[in-house]
Amino acid sequence: MYDSRSRKAEEFICHEEILETLDYAEKNKDDLELINGILDKAEDCKGLGYRDAMVVLACEDPEVQQRIFALAREIKEKFYSNRIVMFAPLYLSNYCINGCTYCPYHGKNKNIRRKKLSQDEIREEVIALQDMGHKRLAIEAGEHPTLNPIEYILESIKTIYSIHHKNGDIRRVNVNIAATTVENYKKLKDAGIGTYILFQETYHKEDYEKLHPSGPKSDYAYHTEAMDRAMEAGIDDVGCGVLFGLENYKYDFVGLLMHAQHLEDTFGCGPHTISVPRIRPADDIDVEEFDNAVPDDVFKRIVAVLRIAVPYTGMIMSTRESKKTREECLALGISQISGGSRTSVGGYVEEEKEEDNSAQFDVSDKRTLGEVVSWLIDLGYVPSFCTACYREGRTGDRFMSLVKSGQIANICQPNALMTLKEYLEDYADGETKKKGEKLIEERVAMIPNEKVKDIVMEHLNELDRGARDFRL
Ligand code: SF4
Ligand code: SF4
């Protein structure tokens, strides 16, 4: 029985309810009156339930699709202005005891070079990331009770926060590690993490179990209930996601929205972010094996309908996707992207050698962070290195109420401009600096609140004089 408030995975992600939803969407996908009515409702920016969202996604009418794209753009602009938050993944260790069939780090893969970073090596990686201009990291590690225990993760977070190379600073460490206990989540919270990220991969239990034949991750309920434990431990900001292409995307789309609904109903706060990875080639992984590939046009619709369905949630896209797809999806709702990413352990100091096969997936967008920043500016976006909210205690429902009232854009935009200025001063080439300064000038002039504008202008002058790290 479906119960969004239940603490049991199989009740808050209810298989029968998902199947009924898919059936309902299939039957009603050509009912344009119904669908336009749902979209009228969505214009209030209060989101959509999974059933309405699914019927909108299933509709193939070209005019409806244009309406969806336009609305997604409008909602994104309203809540997050035109800033795009930048981050980079940092792989700590690829030792893993799980058997995930779609990931080259699975325990039985003998082809890859296994590596775990020492604290000194982490220091070097972080310096390399700081020298690129990054301020926000997502750390990643396989699951291994003796090689990657929680103590190792905690020590690594401490090391990362302690490094200040030249003007460099990592100000927010998000954590993407295996599902764990409430006690361990409390330790992560105390270590000052930003978001706890855990991808569900697929919500389809039977297929989940086939895709995870061994290791602790094979326990569907333990994995699916992880966000509940994280929130119980006081981590307000959690990041969900599925690996599109593993399972029927429609099933996972509904599952993802059900999960968001569950967190909102149970903890008063939905996911802070949703990531939209699509399966990519990697060592020992034959993507042909996964015959649920999501074509580009469907993928764009997924991004746009998610934007409409959960307007308050940040949406993340990684370098798995090409420059072209990223550009299209930025306009449809993506609010955070990675740049200059290396998906191998130690990859920022030493680029992965082909024979090591140690990247978790192929990167499609191989541009440097500088190139990505320059490209975003050309597209009219403000690349943002902001980490202000969690440092100001704006997390969980405090954060959500700011987003829901539409006030967050008034904070995001000034912070984006100040952190971009910092980036331009310390890391940009001459041309990027010139066009970035111009963009800042134009955008400062558009800040509606005169007091905020004065504060930003004052801080921009201070940044010129060498001061750093301003935030609202
Ligand atoms: Fe290990 Fe994560 Fe890869 Fe699974 S997806 S094999 S848990 S690193
Ligand atoms: Fe993110 Fe808050 Fe900064 Fe906006 S102000 S970019 S929501 S940290």
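Counting convention: from 1, in listed order, for ligands and their atoms alike.
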Heavy-atom gap Phe399 to ligand 2 smaller than 4.0 Å: yes
Cation-aromatic face contact Arg171/Tyr390, 6.0 Å, 45 degrees: no
Arg136 to Phe385, cation-pi by 6.0 Å centre distance and 45° axis angle: no
From CD1 (Ile455) to CE (Met418), nearest 0.5 Å: 8.5 Å
Ring geometry between Phe399 and His272 (parallel below 30°, tilted from 30 to 60°, perpendicular above 60°): tilted
Spacing of Tyr381 atom OH and Arg83 atom CZ [to the nearest 0.5 Å]: 12.0 Å
Protein-derived N, O or S atoms lying under 2.8 Å from atom 4 (Fe) of ligand 1, waters excluded: 1
Sequence neighbours excluded - side chain to side chain donor-acceptor pair (under 3.5 Å) pairs with any residue from residues 303-315: none
Ile153: which of Ile193, Leu92, Asn184 passes side chain to side chain contact (heavy atoms under 4.5 Å, CB included): Leu92
Stepwise ring pair (Phe, Tyr, Trp, His ring centres under 6.0 Å) check, Tyr208 with Tyr203: CA-CA 7 Å; Tyr208 180 97; Tyr203 286 95; 9.1 Å; no
Proximal protein heteroatoms (N, O or S) of atom 4 (Fe) of ligand 2, under 2.8 Å: Cys412 SG
side-chain contact (heavy atoms from CB on, under 4.5 Å) assessment of His204 paired with Glu206: CA-CA 6 Å; His204 191 286; Glu206 215 179 295; 3.7 Å; yes
Side-chain polar contacts of residues 139-150 - donor-acceptor pairs under 3.5 angstrom, sequence neighbours left out - could you list them?
unit_1	atom_1	unit_2	atom_2	d
Glu140	OE1	Asn176	ND2	2.9
Glu143	OE1	Asn98	ND2	2.8
His144	ND1	Thr146	N	3.4
His144	ND1	Thr146	OG1	3.3
His144	ND1	Leu147	N	3.1
Asn148	OD1	Ser93	OG	2.7
Asn148	ND2	Ser93	OG	3.2
Asn148	ND2	Tyr95	O	3.0
Asn148	ND2	Gly142	O	2.8

